[in-house]
2 protein chains.
Amino acid sequence: MQKETTIYDIADKLGISATTVSRGLNNNPRINKNTREKIHKTAEEMGYQHNTLASNLRKRQTKTIGILLHEVNSNFVTSVLAGIEKVVTKEHYDILITHSAESGEREIANATNLLNKRVDGIIVSLAMSTKNIDHFTPYFERKIPIVFFDRVMNDADCTKIIINNFSCGYNATKHLIEQGCKKIAHITADLTRNVYNDRFLGYKKALKDHQLTYKKDLIKICSLDKAATIEATRELLIQKPDAFFVTNDFAAAVCIEVIHEHGLRVPEDIAVIGFNNDTLGDLITPKLSTVDYPGILMGEVAATELMKKIKLKNSNKKFADQTMTIPSELVIRESSLKSQKKKS
Amino acid sequence: MQKETTIYDIADKLGISATTVSRGLNNNPRINKNTREKIHKTAEEMGYQHNTLASNLRKRQTKTIGILLHEVNSNFVTSVLAGIEKVVTKEHYDILITHSAESGEREIANATNLLNKRVDGIIVSLAMSTKNIDHFTPYFERKIPIVFFDRVMNDADCTKIIINNFSCGYNATKHLIEQGCKKIAHITADLTRNVYNDRFLGYKKALKDHQLTYKKDLIKICSLDKAATIEATRELLIQKPDAFFVTNDFAAAVCIEVIHEHGLRVPEDIAVIGFNNDTLGDLITPKLSTVDYPGILMGEVAATELMKKIKLKNSNKKFADQTMTIPSELVIRESSLKSQKKKS
DNA sequence: CTGAAAGCGCTAACAT
DNA sequence: ATGTTAGCGCTTTCAG
């Protein structure tokens, strides 16, 4: 960094004090309108650029919120981000996006990094391999507001924005059962993550409520990337299931592809339902049934809660942590409609 | 922010100077190993957290690079990000991601914001509505390194990492012609953006080289979102084209859907080729032919160039701007294979 | 190997 | 309405 124009340079040039320049630049109403305009004009002329670092250091406030994401490549996450931004920019806060690429280690590093950068609060979705939330202890100790969304720790005592994964899993499975399916396979990911576990529990409960026996052989846990999903589907196909409940849309699409390769039809031979309502869902053939998961809304709610917490903290008030559940719903398209197809 | 432990607190507790603490924390080899260990231990005990703000202010260096993205929701952008991170973390640099949501105005705001945060360099992909790069003048003036990638300004004199969009457009079109297509429609976006314009020019050249006349009626420029693409496809279908060259894979998938809705077959009646090699390409039916666009590599190259520029700047050396072209290639799957299908 | 002093650029108290 | 002074927390001379 070469020599930058500072407020002192402007002050010197104008024969006034740096304080006045600072106030003028921040449009403090105490400063005479004329002076203010002069300051802005001179700053412009001298190519002055505000130094956020110095300002934040002095103010002991960064007006920045950190975001810890497990990944950024999904439609869902992008929507959440959009929702957060919408709320946060309105309050003139910046955001600092980090992502862990599903690695717990990177999540820890990101948490420390954001703390060192003195963010005013964080919004987080846990990585796949995160085992506990000890790395957020420094935040709790300092009472720096945190809001968890989607991928949360079920037992932890903090603000959470989630959907009801249990009932989503239940309803998706129930829907398949109502289509006449009796042998429903389930492809999911690491069950230590709440979202997957809850859906799985919903799946099991639905089976039970409909007098179907749960079989471990019909469950595959994998990373949900293409290769893993192909393998999982192939192995499950050996069990001759008549339906698949897949925990995300991308994997569901891959699953359908593999089913087709085996010369089977979807949904006639095997019904498939995904999760997330990604854009790809109605681009594939047959169009994918899925569970709609309102990312934008989740982002908005998470950000709104965080802003509330930050404000209350700034005025030394208490804030009651709460868990908020966002509505979600089944989106039935073609891939699961076995009964209709049979009729026709 | 409440009172944080500082290096002074540690110094007091240990009866040494803050300077030594600072050095110890930074593992400066001049400090006695014993002292160093004591410092680390005490820091840990006292819950010390390094203040990046203060440190950066003092060092006048943030070890942070800014990234200006047009959007974050594409596979391509995510890959670029991964490529950048790979290179940059190795050098212990942080990244600050911003995105303009294709708005030139937001791009300007982000550029200023990153400058105020004193990033050491930036990597940028221009927003759709950006008309010029005047907002980067402050960077040029301060010789803060910039690398543009993908969406660049063709005439500007700066480091650019691109693919040869012209020849990609040419080859995609040529491929369609070789499949026997004679009336090739083209769906693309704002032609002020180099990537779209160059592909378009390649398309035109390929037609000319193969004695096909260019018809304006076969071109539709739209935002490439779902609704716009549906409309564009419908309107183009009136011209009875026998092929579509669509400038991204998502839009190509939508295009295929619309073609199917019109009772036409892909590729038998109409061949389709996309662009980007998104993951959805081989999940749809028929599998999409496309142009592979190596995002990770592009990110790596962009970041490597930027790091070079930053280092040369720090040692006051000159750096010659250059344009680097990343290889790209046609990926032929099913959606464009008209001739084979006819035979069978 | 360690320390004293200064200063990065800004803003908040406390004047006036 | 404006100025003086001090300090946010760190690192970097310079000195020993």
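Reminder, nothing fancy here: chain letters follow the sequence lines and each chain counts from 1.
Remark: B/Thr20 is in phosphate contact with C/dG3, judged by side-chain N or O atoms under 4.0 Å from OP1 or OP2. OP1 and OP2 of C/dG9 both lie 4.0 Å or more from every side-chain N or O belonging to B/Arg118. For A/Arg23, no side-chain nitrogen or oxygen approaches OP1 or OP2 of C/dC10 to under 4.0 Å. Contact check, A/Tyr8 against D/dG3: no side-chain N or O comes under 4.0 Å of OP1 or OP2. OP1 or OP2 of D/dT2 lies within a sub-4.0 Å distance of a side-chain N or O belonging to A/Thr35. Checking the phosphate oxygens (OP1, OP2) of C/dT11, a side-chain nitrogen or oxygen of A/Asn26 falls inside 4.0 Å.
The separation between A/Lys59 atom NZ and C/dA13 atom P is 13 Å, rounded to whole Å. Here D/dG16 presents its C1' atom at 17 Å from CD1 of B/Ile16, a figure rounded to the nearest Å. The CG-P distance, from B/Leu115 to C/dG9, rounds to 14 Å in whole Å. In this structure, B/Ile10 places its CD1 atom 14 Å from P of C/dG3, rounding to the nearest Å.
Two residues, B/Leu57 and B/Val21, neighbour DNA chain C, and the one matched to the more 5' nucleotide by heavy-atom proximity is B/Val21.
Between A/Lys41 and A/Glu37 there is no salt bridge, since no side-chain nitrogen of the basic residue lies less than 4.0 Å from a carboxylate oxygen of the acidic one. Ion pairing of A/Lys160 with A/Asp321 is absent here, as no side-chain N (NZ or NE/NH1/NH2) approaches a carboxylate O to less than 4.0 Å. A/Arg60 and B/Glu4 are not joined by a salt bridge, as no carboxylate oxygen comes within less than 4.0 angstrom of a charged side-chain nitrogen.
Using modelled atom types, one finds no donor on one side chain facing an acceptor on the other under 3.5 Å when comparing B/Glu305 with B/Thr159.
Among the atoms of the strands shown, only primed sugar atoms or phosphate atoms (P, OP1, OP2) are found under 4.0 Å from some heavy atom of B/Ser55. Residue B/Thr6 is classed as a sugar-phosphate contact, given heavy-atom separations below 4.0 Å to backbone atoms only. Within the nucleic acid shown, B/Ser22 comes within 4.0 Å of at least one base atom, counting heavy atoms only.
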